[in-house]
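Accompanying notes for the structure given below.
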2 protein chains.
Amino acid sequence: MGKAKPTKYAILSLLSLEPMSGYDMKKLIDVSLVHFWSESYGQLYPTLRALESEKLVTSRRERGSGKPDRIVYTITRKGRWELKNWLRQPADIPRVRYELLLKLFVGSMLPVESNAEQIRLQRRELAHGLSKFRLYRKMVMEDGVDPMHRVYFLLTIRHGEMVARARIRWCDEALKILGEVAKESPDE
Amino acid sequence: MGKAKPTKYAILSLLSLEPMSGYDMKKLIDVSLVHFWSESYGQLYPTLRALESEKLVTSRRERGSGKPDRIVYTITRKGRWELKNWLRQPADIPRVRYELLLKLFVGSMLPVESNAEQIRLQRRELAHGLSKFRLYRKMVMEDGVDPMHRVYFLLTIRHGEMVARARIRWCDEALKILGEVAKESPDE
DNA sequence: CGTGTCATGTAATCAGTTACATGATTCA
DNA sequence: TGAATCATGTAACTGATTACATGACACG
């Protein structure tokens with residue numbers, strides 16, 4: 001079955017919230033969905049055209065005074081129908097490629113300290129990511145966000161937080177273990 | 001900088017443990033590294049050839065009695081050097097595409113129960129994954145695994161477990177929240 | 001006066017999966 | 001008898017990133 005075409009459905013999903021341009025989508029993804037989604041312009045713009053010729057979205061050109069024109073897309077009835085269809089399929093489990101763990105898997109190639117440093121670096125990234133969730137959560141709460149959507153937005157934020165926290169705990173545990181290893185064999 | 005070529009370094013990593021064939025690598029990845037890595041034959045075999053012509057690995061053909069011949073690859077000094085170089089670079093943070101969360105992000109398109117079902121499905125997958133970690137951990141402990149490697153193997157397992165547990169906790173929390181939402185508005 | 005934002009777009013490239021083909025052997 | 005395992009390999013396809021181009025305006 002499947003044949004996912006993720007970008008297509010990501011676009012339809014965003015348009016189900018409100019009409020917007022490709023540029024808007026990119027922004028939205030990069031700030032609010034960044035912990036579970038990503039898109040590039042090179043993928044976004046051509047797909048938008050394809051969706052239009054499939055009649056899943058319509059477009060209208062908005063004159064920008066000074067600024068460049070923007071093309072605002074709106075999802076059609078057919079588009080909503082297709083989106084719902086996809087939403088009902090079981091979500092596929094993404095196969096990840098987590099470089100840090102691969103590097104650690106063959107960690108004995110390098111001195112313990114080198115691996116510890118990798119983990120510290122990762123920890124910093126994760127902590128930084130966590131702080132962004134706090135801001136984003138505030139945004140979702142304050143703003144005039146449709147309470148229908150709010151529950152679901154909060155669920156995705158909560159997921160990001162919980163996984164990031166688990167990873168940070170792992171970093172701490174791993175650093176402790178490597179610290180002991182280093183004590184046992186202070187050579188290399 | 002970067003220009004990662006992840007498959008290349010995944011192969012060198014595995015060969016740093018012991019000589020093996022492309023087929024062996026695929027097996028190893030699919031059972032022991034599955035929670036943080038994946039490779040397809042279509043990627044593995046051509047890359048192995050490329051690595052050989054780069055003199056990073058050597059190959060010898062092993063006659064199989066009855067079974068097909070296998071081509072066993074060994075990492076060279078140059079290969080180890082290149083691998084170490086890569087290991088020292090900071091690990092890049094993978095940009096994920098987690099379909100479940102995208103579907104949940106626009107969850108209000110469907111009845112609450114439909115979203116809950118998605119989460120239950122995911123929960124089952126995660127629980128199943130967790131049980132595999134227990135087996136894998138036992139393997140690493142019992143077997144004649146080089147204790148130098150063991151620490152690092154265990155670290156990757158521990159990461160898998162901790163993240164899977166966090167996700168399961170999130171599933172439970174999310175289901176509880178959606179349960180309350182359903183009570184408040186039993187319509188749709 | 002240079003940088004950044006707005007906004008769309010395309011071509012080159014790369015990385016990756018999928019589906020096939022081969023063919024002997026073992027197991028139910 | 002049919003399926004699964006062993007083992008290598010390739011061609012077709014898809015999906016995605018990257019780097020570029022355009023051009024006006026606002027900010028400091």
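Sequence lines set the chain letters: A, B, ... in the order given, protein chains first and strands last, and positions in each chain run from 1.
Taking the nucleotide of DNA chain D with the nearest heavy atom to each of A:Thr7 and B:Tyr45, the more 5' of the two is matched to B:Tyr45.
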Tabulate protein N/O versus nucleotide N/O from nucleotides 2-6 of chain C, keeping only pairs under 3.5 Å, one per line.
residue, atom, partner, partner atom, Å
C:dC6, OP2, A:Tyr23, OH, 3.2

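Without hydrogens or angle criteria, B:Ser13 side chain to B:Tyr9 main chain gives a donor-acceptor distance under 3.5 Å.
Both cation-pi conditions hold for B:Lys103 and A:Trp86: the charged atom is under 6.0 angstrom from the six-membered ring centre and inside a 45 degree cone around its axis.
Counting to the nearest Å, the C1' atom of D:dG9 and the OH atom of B:Tyr73 are 10 Å from each other. Separating the OH atom of B:Tyr41 from the P atom of C:dT18 is a distance of 14 Å, rounded to the nearest angstrom. The nearest whole Å value for the distance from the CD atom in A:Gln43 to the C1' atom in C:dC14 is 13 Å. Put simply, CZ on B:Arg63 is 17 Å from C1' on C:dT25, counting in whole angstrom units. With rounding to whole Å, B:Ile29 atom CD1 is found 15 Å from C:dT17 atom C1'. The nearest whole Å value for the distance from the CG atom in B:Asp69 to the C1' atom in C:dG23 is 12 Å. What separates CD1 of B:Ile11 from P of D:dT8 is a distance of 12 Å, to the nearest Å. Atoms CH2 (B:Trp37) and C1' (C:dA15) sit 12 Å apart, rounded to a whole Å.
Going from atom CD of A:Glu125 over to atom CG of A:Leu130 covers 12.5 Å, rounded to the nearest 0.5 Å.
Within 4.0 Å (heavy atoms only), A:Arg97 reaches sugar-phosphate atoms of the nucleic acid but no base atom. Within 4.0 Å (heavy atoms only), B:Arg49 reaches sugar-phosphate atoms of the nucleic acid but no base atom.
Ion pairing between A:Glu117 and A:Arg124 holds under the 4.0 Å rule for side-chain N and carboxylate O. Salt-bridge check for A:Lys8 with A:Glu54: passed, with a basic side-chain N closer than 4.0 Å to an acidic carboxylate O. Between B:Arg97 and A:Glu39 there is a salt bridge, since a side-chain N of the basic residue sits under 4.0 Å from a carboxylate O of the acidic one. For A:Arg120 and A:Glu113, the salt-bridge test passes: some basic side-chain N is under 4.0 Å from an acidic carboxylate O.
Side-chain atoms of B:Tyr136 and B:Glu161 form no donor-acceptor pair, as typed in the model, at a separation below 3.5 Å. A:Thr58 and A:Glu52 share no side-chain donor-acceptor pair at under 3.5 Å.
End-to-end axis angle of the helix from C:dC1-D:dG28 to C:dA28-D:dT1, using five pairs per end and rounding to 10°, comes to 40°.
Between A:Ser21 and C:dT8 there is a side-chain polar atom (N or O) within less than 4.0 angstrom of OP1 or OP2.
Distances from the side chain of B:Lys5 to the nucleotides D:dA16, D:dT8, C:dA15 place C:dA15 closest.
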